[in-house]
Amino acid sequence: MDQEKKRTILLHEIEHWRQSRLLPEQYCDFLSNLYRDDENPAQSQKRNNTGLLTYLKHGHGMAWLLGFVIISCICLIGFYFTAFPLAMQICSASAVTAFCYGMAAIWRSSEKSMSAMLSTLGSAIMLGSGVWIIQLHQGEAKVWFLVLVGVCGLIWCLVGSTLRISLLHYCGLAGLLLVYAVLIGRYWPTATLAMLEVFWILHAVLLIGLSWWVHRRFPRLALVYFAIGITLVFMAEADTIILRHQPAGEVVFFSILKLAFVVGILFWTRKKWITWVTS
């Protein structure tokens with residue numbers, strides 16, 4: 001029993017070091033795994049199996065009641081959504097999204113799978129309800145869809161960085177860059193493929209450089225910035241074909257050559273960039 005208390009205290013200390021960034025996050029993970037490996041295998045297996053299914057299996061009445069309330073509210077809001085006025089539609093969609101993100105934040109430290117599922121559900125509800133509202137009120141699609149993607153991208157960036165969900169953070173940055181690309185297309189419609197290549201490659205280099213700059217203090221941001229930087233390498237072709245509606249033609253062939261070139265560079269420099277991305 002004394003060893004169990006000591007182990008619990010040490011794990012709390014490690015979590016405190018992680019939150020306050022007194023030690024690198026990976027080193028804290030190493031220490032946590034080291035102390036947890038000493039536990040009884042049956043206890044470790046039981047801890048790893050925690051989650052929604054465990055709550056349902058053990059028949060906790062509060063979990064069942066909470067699930068019933070959440071599902072009922074979502075169904076009622078969805079059923080009467082079209083009858084709501086515009087302000088109430090926005091408020092109800094925002095309330096459900098905020099609830100999902102709030103529960104994801106509460107369960108982030110103890111139930112990571114549930115937290116990821118709720119954050120994904122909240123993101124889907126926010127984007128889907130936004131599209132639904134625009135269609136119901138027949139707003140100017142090009143303008144309001146752009147606003148919706150920009151708002152969703154900003155919120156996803158904030159939630160992803162706060163809850164340390166790299167994929168959500170990446171989606172948020174991708175949404176903001178999509179809005180940026182559409183605006184650039186409107187104010188620079190005569191840009192050639194060569195101009196776009198230089199424009200987007202410079203942005204890619206900037207983000208990859210930012211990834212290297214923050215990799216020691218903010219390793220999760222380094223991974224996200226690096227992934228976005230690699231994505232922007234191919235943004236010129238996507239901009240030409242998808243946003244500017246130019247014929248694919250030679251652009252696709254050029255994209256394949258660029259992909260081969262980028263893969264080659266990543267292969268030859270893998271020992272460097274993998275080190276800073278995973279540090």
Side-chain angles (χ1 to χ4, degrees), residues 15 18-19 21 24-26 28-29 50-52 70-71 74 77-78 90-134 144-182 203-204 206-208 210-235 238 242 273-274 276-279:
E15 188 63 28
R18 186 202 307 276
Q19 297 295 333
R21 300 186 183 277
E25 185 171 354
Q26 287 194 337
C28 293
D29 292 338
T50 58
L52 178 61
I70 293 173
I71 295 173
I74 293 176
I77 291 174
I90 296 174
C91 290
S92 59
S94 301
V96 175
T97 302
F99 176 80
C100 291
Y101 284 151
M103 295 303 297
I106 292 173
W107 283 342
R108 182 58 186 165
S109 58
S110 58
E111 304 291 344
K112 291 187 178 180
S113 59
M114 281 292 297
S115 176
M117 186 181 71
L118 284 170
S119 61
T120 302
L121 177 62
S123 302
I125 290 174
M126 179 170 55
L127 182 60
S129 61
V131 173
W132 196 4
I133 291 172
I134 293 172
W144 288 110
F145 279 133
L146 196 64
V147 172
L148 174 63
V149 173
V151 172
C152 289
L154 181 61
I155 294 176
W156 292 346
C157 284
L158 294 175
V159 174
S161 60
T162 302
L163 300 185
R164 299 181 181 181
I165 304 176
S166 299
L167 181 60
L168 187 59
H169 194 180
Y170 172 86
C171 292
L173 287 177
L176 293 177
L177 287 172
L178 179 60
V179 174
Y180 178 62
V182 172
H203 284 70
L206 177 63
L207 282 169
I208 293 174
L210 185 61
S211 170
W212 175 85
W213 188 58
V214 302
H215 80 278
R216 292 187 181 277
R217 187 168 179 80
F218 306 105
R220 291 181 182 272
L221 293 182
L223 176 61
V224 174
Y225 291 155
F226 185 82
I228 284 290
I230 296 298
T231 303
L232 289 185
V233 172
F234 303 95
M235 190 63 192
I242 300 175
W273 65 266
I274 289 178
W276 92 59
V277 167
T278 60
S279 61

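On a predicted model such as this, the values are computed, not experimentally measured, just so you know.
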Student: Taking all non-hydrogen atoms of both residues into account, name the closest pair between A93 and I125 and its distance.
Tutor: O-CG2, 4.5 Å
Student: Any heavy-atom pair between the side chains of I230 and I208 that's under 4.5 Å?
Tutor: yes
Student: Measuring from C171:SG to L176:CG, what's the distance to the nearest 0.5 Å?
Tutor: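 Separation between the atoms: 11.5 Å.
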Student: Check whether any side-chain heavy atom of L168 lies under 4.5 Å from a side-chain heavy atom of L163, and answer yes or no.
Tutor: no
Student: Measuring from C100:SG to L121:CG, what's the distance to the nearest 0.5 Å?
Tutor: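 CG of L121 is found 4.0 Å from SG of C100.
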Student: Could you list the residues that satisfy side chain to side chain donor-acceptor pair (under 3.5 Å) with T231, not counting sequence neighbours?
Tutor: Y170
Student: Could you go through the side-chain contact (heavy atoms from CB on, under 4.5 Å) check for L173 and Y225 one step at a time?
Tutor: CA-CA 9 Å; L173 287 177; Y225 291 155; 3.8 Å; yes
Student: Closest heavy-atom contact between G229 and L207?
Tutor: CA-CB, 4.1 Å
Student: Nearest 0.5 Å, please: how far is OG in S115 from CD1 in I165?
Tutor: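 Between I165 CD1 and S115 OG, I get 5.0 Å after rounding to 0.5 Å.
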Student: Please round to the nearest 0.5 Å and tell me the distance separating atom NE2 of H169 and atom CZ of R220.
Tutor: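 Rounded to the nearest 0.5 Å, the NE2-CZ separation comes to 12.0 Å.
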Student: How close do L146 and V179 get, counting heavy atoms only, and between which atoms?
Tutor: O-CG2, 3.7 Å
Student: Once rounded to the nearest 0.5 Å, what's the spacing between atom OG1 of T97 and atom CG of L127?
Tutor: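 The OG1 atom of T97 sits 10.0 Å away from the CG atom of L127.
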Student: Atom CH2 of residue position W212 - does it have more than 12 heavy atoms of other residues, nucleotides or ligands inside 6.0 Å?
Tutor: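 At most 12 heavy atoms, drawn from other residues, nucleotides or ligands, come within 6.0 Å of this atom.
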Student: Looking only at non-hydrogen atoms, find the nearest pair between A222 and S211 and report the distance.
Tutor: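 Minimum heavy-atom contact is O-OG, 2.7 Å.
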Student: Mind listing the side-chain donor-acceptor pairs of residues 151-158 below 3.5 Å, one per line with the distance, residues two or more places apart or on another chain?
Tutor:
unit_1	atom_1	unit_2	atom_2	d
W156	NE1	Y101	OH	3.4
W156	NE1	S123	OG	3.4

Student: Rounded to the nearest 0.5 Å, what's the gap from CG on L148 to CD1 on I134? Could you check?
Tutor: 5.0 Å
